[in-house]
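See structure below.
Lettering follows sequence order; numbering is per chain, from 1. Remember, predicted model here, so these are calculated numbers, not experimental data.
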Amino acid sequence: MLLVQHIRENYHQVLLGLQKRNLPQVENTLQQVLALDDKRKACQTQRDQLQAESNAISKEIGLLMKEGKQAEATAIREKTALIKGQIKDVEDEHEHVEQQLKALLYTLPNVPQEAVPAGKSAEDNEVVKQEGVIPTLFEGKLPHWDLIKKYDIIDFDLGVKIAGAGFPVYKGKGARLQRALINFFLDQAQTQGYFEVQPPILVNEDSGYGTGQLPDKEGQMYFAQADQLYLIPTAEVPITNLYRDVIVNRSDLPIKNVGYTPCFRREAGSWGAHVRGLNRLHQFDKVEIVQITHPDASYAALEEMSTYVQGLLKMLELPYRVLRLCGGDMGFTSAMTYDMEVYSAGQDRWLEVSSVSNFETYQANRLKLRWKEEDKKPQLAHTLNGSALALPRIVAAILENNQTPHGIKMPKVLHSYLGFDSI
RNA sequence: AGAGAGUUGGGUGAGUGGCUGAAACCAACAGUUUGCUAAACUGUCGUACGGGUUAUACUGUACCGGGGGUUCGAAUCCCCCACUCUCUGCCA
């Protein structure tokens with residue numbers, strides 16, 4: 001959520017930034033926000049004055065009672081009825097205005113950072129970099145959905161029987177590849193100073209609001225009705241929420257966490273011809289890195305995270321490219337996002353395997369996540385996160401790119417984790 | 001799941017209707033003393049939103065798990081909810 005104060009003080013920057021997201025009504029909304037905030041302040045000033053008056057009278061009554069001056073106390077008491085009525089009116093108004101303001105602020109996405117290109121869709125994303133060699137495969141190469149059947153390592157039909165479409169069953173070497181990748185990713189993060197956590201994969205409503213999944217993406221999450229808990233769409237939710245309502249010391253920054261969790265997404269209405277096999281699932285595994293930084297350090301951290309993720313892709317010997325997302329394609333809460341895509345040679349297309357974002361203070365404002373230096377006032381921290389990495393499309397690319405007519409070779413870094421070197 | 005007891009500031013913990021934003025102790029921070037460390041002593045030591053100021057100072061209101069109620073006045077009384085602990089039951 002954007003800070004009203006920030007909108008006020010940086011009006012033009014905020015306006016221009018938000019316009020990169022193609023929001024036609026945004027100027028109107030910003031004006032309304034400022035107007036409502038003025039109204040809010042006016043109400044509060046009025047309410048505070050009335051309340052102060054009321055408090056003074058109550059105090060006086062107390063003193064009079066103590067001195068045994070019952071009659072005088074009773075006389076003053078009558079004055080309070082009027083003030084009470086006034087307070088109630090102003091308070092109702094105040095609350096109403098605050099709610100309107102909050103509702104409006106929830107509709108405003110984060111302001112894209114300067115370097116973010118304007119644009120409407122994925123077409124307008126900027127290719128920052130491309131690395132690795134796109135393999136030329138033999139005649140008769142297969143997409144991964146055929147490979148997994150051929151080698152019997154992932155079974156979608158069994159998943160349908162147990163749960164439904166989009167819930168694959170990994171078997172034998174397929175299951176071990178999952179486990180190997182998770183361990184490999186966690187071990188690598190550890191070497192870069194990330195602290196490993198294993199969070200709950202069901203979260204409450206407050207957590208959903210904290211990182212911005214609610215109220216925006218309500219329909220994208222599975223919900224356990226009886227206990228009012230959401231299944232997490234990403235480990236970002238529980239891990240970042242560990243720091244909800246926390247004031248950390250400046251010296252504790254940056255905080256770097258890593259965690260593996262399964263992720264659950266309803267993906268309502270997003271199924272089509274190009275999402276076969278592992279390309280889009282309801283349940284998948286992901287290792288997520290999260291950083292909490294000082295505001296001055298967040299863009300350096302974003303680069304560091306991007307470099308780290310690229311390092312993983314290099315070790316896995318996968319050709320990849322890095323995109324800087326345009327305003328129109330970027331997530332609601334992000335100020336800048338890099339997407340990493342690997343080339344999957346069986347389908348001949350790029351697949352998004354990681355998204356690394358800086359949220360600046362947008363999440364921190366909702367989370368009330370702040371840092372403090374010495375005797376100074378607490379200030380909002382910056383939060384960042386990134387997939388490092390999401391498994392299914394990595395698996396798809398490994399299978400497709402390394403296939404031979406006689407088997408599939410596994411990347412060298414995984415051999416010790418797998419206990420085998422090909423499928 | 002049933003019964004009972006709880007939830008107060010960074011921590012321990014006092015406080016049963018007004019002078020309590022909240023005792024005391026601990027921790028933390030600053031200073032004095034000290035050859036160094038330690039100890040002792042002194043002081044500071046919550047958050048949010050307003051007003052005010054170039055910025056401080058100063059100042060108003062709210063906050064004692066969350067929400068509602070009673071009252072001129074609530075940490076304190078009443079109701080609802082959440083969570084924690086103990087016992088019983090169940091269980092990987």
Base-pairing mate for rG43(B) - Watson-Crick or G-U, with both contacts under 3.5 Å: rC29(B)
Least distance between heavy atoms, Val258(A) atom then Ala189(A) atom: CG2-CB, 3.7 Å
Sugar-phosphate only, base, or nothing, as touched by Ser58(A) at under 4.0 Å among non-hydrogen atoms: base
Contact under 4.0 Å: Lys377(A) side-chain N or O vs rG46(B) OP1/OP2: no
Contact under 4.0 Å: Arg370(A) side-chain N or O vs rA48(B) OP1/OP2: yes
Modelled atom types, side-chain donor and acceptor of Gln291(A) and Tyr194(A), under 3.5 Å: yes
Touch class at under 4.0 angstrom, heavy-atom based, for Ile61(A) against every strand present: base
Between C1' of rU70(B) and NZ of Lys88(A), the distance in whole Å: 15 Å
Touch class at under 4.0 angstrom, heavy-atom based, for Gln44(A) against every strand present: base
Base paired to rG73(B) (Watson-Crick or G-U; both N/O distances under 3.5 angstrom): none
Mate of rU37(B) where both pairing distances stay under 3.5 Å, Watson-Crick or G-U: none
Nucleotide rA62(B), atom P - distance to CD of Gln51(A) in whole Å: 5 Å
Protein-nucleotide distance (Gln49(A), atom CD; rG52(B), atom P), rounded to Å: 11 Å
Paired nucleotide for rC91(B) [Watson-Crick or G-U wobble; both distances under 3.5 Å]: none
Complement of rA55(B), any strand, by Watson-Crick or G-U distances under 3.5 angstrom: none
Within 45° cone and under 6.0 Å: Lys173(A) NZ/CZ vs Phe420(A) ring: yes
Asp206(A) CG to rC81(B) P, straight-line distance once rounded to whole Å: 19 Å
side-chain contact (heavy atoms from CB on, under 4.5 Å) between Lys39(A) and Glu93(A), worked out: CA-CA 9 Å; Lys39(A) 210 167 165 189; Glu93(A) 173 78 5; 3.5 Å; yes
Interatomic distance at P, rG60(B) relative to rU20(B), whole Å: 16 Å
Assigned partner base of rG60(B), Watson-Crick or wobble definition, under 3.5 Å: rC49(B)
Whole-angstrom distance between rC78(B) and rU70(B), as gauged at atom C1': 7 Å
Separation of the C1' atoms in rA14(B) and rA39(B), to the nearest angstrom: 29 Å
side-chain hydrogen bond (donor to acceptor under 3.5 Å, both in side chains), paired with His144(A), selected from Arg276(A), Lys149(A), Glu400(A): Glu400(A)
Distance, C1' atom - from rC64(B) to rG13(B), rounded to whole angstrom: 13 Å
Plane angle bin for Tyr209(A) and Tyr106(A) - parallel if under 30°, tilted between 30 and 60°, otherwise perpendicular: tilted
Counterpart base for rG4(B), defined by Watson-Crick or G-U wobble contacts under 3.5 Å: rC85(B)
OP1 or OP2 of rG50(B) under 4.0 Å from side-chain N/O of Arg40(A): yes
Phosphate OP1/OP2 of rA62(B): any Asn55(A) side-chain N/O under 4.0 Å: yes
Gap in Å between the two P atoms, one belonging to rG9(B) and one to rU76(B), rounded: 15 Å
Pair assignment for rA14(B), Watson-Crick or G-U wobble, requiring both distances under 3.5 Å: none
Nearest listed nucleotide, side chain of Ala52(A), among rG50(B), rC72(B), rU61(B): rU61(B)
